[in-house]
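Report on the structure given below.
When reading the values below, keep in mind they use all heavy atoms of this one structure, side chains included, and skip hydrogens, waters and symmetry mates. Given the structure is predicted, the values throughout are model-derived calculations rather than measurements.
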Amino acid sequence: MLRRGRTSGTSSPSRANNEDEGIPLLPVTTSFNPHISRSIAPVGHVFSSPFTAGSFSSSKAHRSSRAAESYDDPYPIPPPQPVNKLARMFYYSKQAYIVYGGGWIALIVALNLLFTGNGEQFNVGRFLLETSPYMWALLGTTLTVGLSVVGAAWGIYVTGSSLLGAAVRAPRIRTKNLISIIFCEVVAIYGLIIAIVFSSKLNDAELAEGATWPKSAYFSGYALFWAGLTVGFSNLFCGIAVGITGSTCAIADAADPVLFVKVLIIEIFGSIIGLFGLIIGLLMTSKVRDFEIS
């Protein structure tokens with residue numbers, strides 16, 4: 001059946017009349033066309049006006065789907081793979097490359113000792129026996145003071161920066177939040193106390209030619225080393241904990257004064273960690289005897 005472009009009636013004009021009038025004929029299709037008026041639509045066919053929001057959205061979606069079908073890339077680019085941050089940190093970071101370099105150097109040295117017949121030179125027991133106990137004792141004393149001062153400085157840096165920033169908004173917090181700075185400074189005092197105790201165990205004992213260090217001297221050196229390492233790391237983490245908690249205390253006090261005491265209690269518990277290390281260091285030092293020569 002053929003029809004004219006637009007008609008006002010429901011019936012389609014005949015072919016002969018259309019040919020006489022010279023009007024071009026259009027084929028009547030059953031597919032949906034929003035530009036065809038309701039009068040010439042098939043009976044029972046319901047559609048919305050072409051000027052409604054629904055019709056525009058449906059036609060737009062139809063065009064986009066047709067465009068997507070027409071312009072499909074035969075060689076699509078695959079989506080990026082998810083990045084594993086943990087693997088990148090362990091395998092592709094600067095620290096990982098340093099470890100790789102150290103591992104290769106150690107492997108080359110070990111293979112050199114093995115294939116040149118000098119493998120017995122790699123002897124940990126001989127290294128520990130030939131090393132002076134004074135070296136271990138002094139190294140433990142150094143680690144005690146060094147790690148404690150690093151922890152205190154780290155805590156003061158974190159707390160002080162937050163305190164100064166929050167005091168701009170609330171100047172009233174400047175005085176009472178100085179207690180957080182004091183807690184951080186106490187961490188360095190713990191390390192200083194242990195270093196003084198360690199130094200009292202270091203008497204002047206020169207090793208004569210042919211003499212050897214007794215077992216008590218090795219015990220004293222190793223005990224001071226590990227005691228210093230324990231106290232140093234305890235104070236380091238204590239300083240970091242107190243610094244972060246003190247920073248939070250300053251910011252919370254600037255927002256609400258009621259929170260100061262509550263956060264301060266948490267900060268006190270954090271400062272006790274350094275006290276634990278101090279106690280362990282004193283207990284380990286109590287069994288250390290003066291250095292002797294046999």
Side-chain angles (χ1 to χ4, degrees), residues 80-154 157 187-188 191-192 194-195 197-240 277 280-281 283-285 287-294:
Q81 298 295 329
V83 179
N84 191 343
K85 295 183 179 180
L86 188 62
R88 175 176 291 182
M89 181 180 65
F90 280 106
Y91 297 108
Y92 305 106
S93 62
K94 184 185 297 184
Q95 294 82 0
Y97 288 132
I98 293 175
V99 173
Y100 296 156
W104 278 107
I105 293 174
L107 180 62
I108 292 172
V109 172
L111 292 177
N112 180 48
L113 293 175
L114 179 64
F115 291 113
T116 56
N118 298 320
E120 69 277 359
Q121 292 183 1
F122 183 75
N123 193 335
V124 180
R126 187 177 63 180
F127 168 75
L128 295 176
L129 290 176
E130 293 179 354
T131 304
S132 174
Y134 273 103
M135 189 274 290
W136 297 106
L138 294 173
L139 187 59
T141 306
T142 304
L143 290 174
T144 300
V145 180
L147 294 176
S148 299
V149 170
V150 169
W154 198 335
Y157 164 72
V187 174
L192 181 62
I194 293 296
V197 174
F198 285 2
S199 62
S200 64
K201 301 291 182 178
L202 299 175
N203 58 335
D204 188 9
E206 295 183 359
L207 187 63
E209 185 177 357
T212 58
W213 293 104
K215 293 182 179 179
S216 61
Y218 285 108
F219 173 79
S220 299
Y222 297 149
L224 293 178
F225 170 74
W226 291 108
L229 197 64
T230 303
V231 176
F233 275 111
S234 298
N235 291 334
L236 174 63
F237 293 119
C238 175
I240 295 174
I280 295 299
L283 290 176
M284 295 177 69
T285 311
K287 298 182 179 180
V288 174
R289 294 186 296 179
D290 294 340
F291 286 87
E292 299 175 353
I293 298 177
S294 59

Steps toward side-chain contact (heavy atoms from CB on, under 4.5 Å) verdict (Trp136, Leu128): CA-CA 10 Å; Trp136 297 106; Leu128 295 176; 3.7 Å; yes
Can you name the residues that form a side-chain contact (heavy atoms from CB on, under 4.5 Å) with Leu113, not counting sequence neighbours? Val109, Asn118, Gln121, Phe122
With sequence neighbours left out, the residues meeting side-chain contact (heavy atoms from CB on, under 4.5 Å) with Val150 are Leu236
At their closest point, which heavy atom of [X] faces which heavy atom of [Y], and how far apart are they?
| X | Y | answer |
| --- | --- | --- |
| Ala137 | Leu202 | CB-CD2, 3.5 Å |
| Gly281 | Phe198 | O-CE1, 4.4 Å |
| Ala217 | Pro133 | O-CB, 3.3 Å |

Would you compute the distance between atom [atom1] of [X] and atom [atom2] of [Y] and round it to the nearest 0.5 angstrom?
| X | Y | atom1 | atom2 | answer |
| --- | --- | --- | --- | --- |
| Tyr222 | Met284 | OH | CE | 14.0 Å |
| Leu107 | Leu114 | CG | CG | 10.5 Å |
| Ser220 | Tyr134 | OG | OH | 9.5 Å |
| Leu229 | Leu139 | CG | CG | 8.5 Å |
| Leu111 | Thr116 | CG | OG1 | 10.0 Å |

Residues in ring-ring contact (aromatic ring centres under 6.0 Å, His included) with [X], at least two apart?
| X | answer |
| --- | --- |
| Trp154 | none |
| Phe237 | none |
| Phe233 | none |

Does the side chain of Thr285 come within less than 4.5 Å of Leu224's, by heavy atoms? yes
Within residues 140-151 or reaching into it, pairs that qualify as side chain to side chain donor-acceptor pair (under 3.5 Å) - sequence neighbours excluded: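 Those involving residues 140-151 are Ser148-Asn235.
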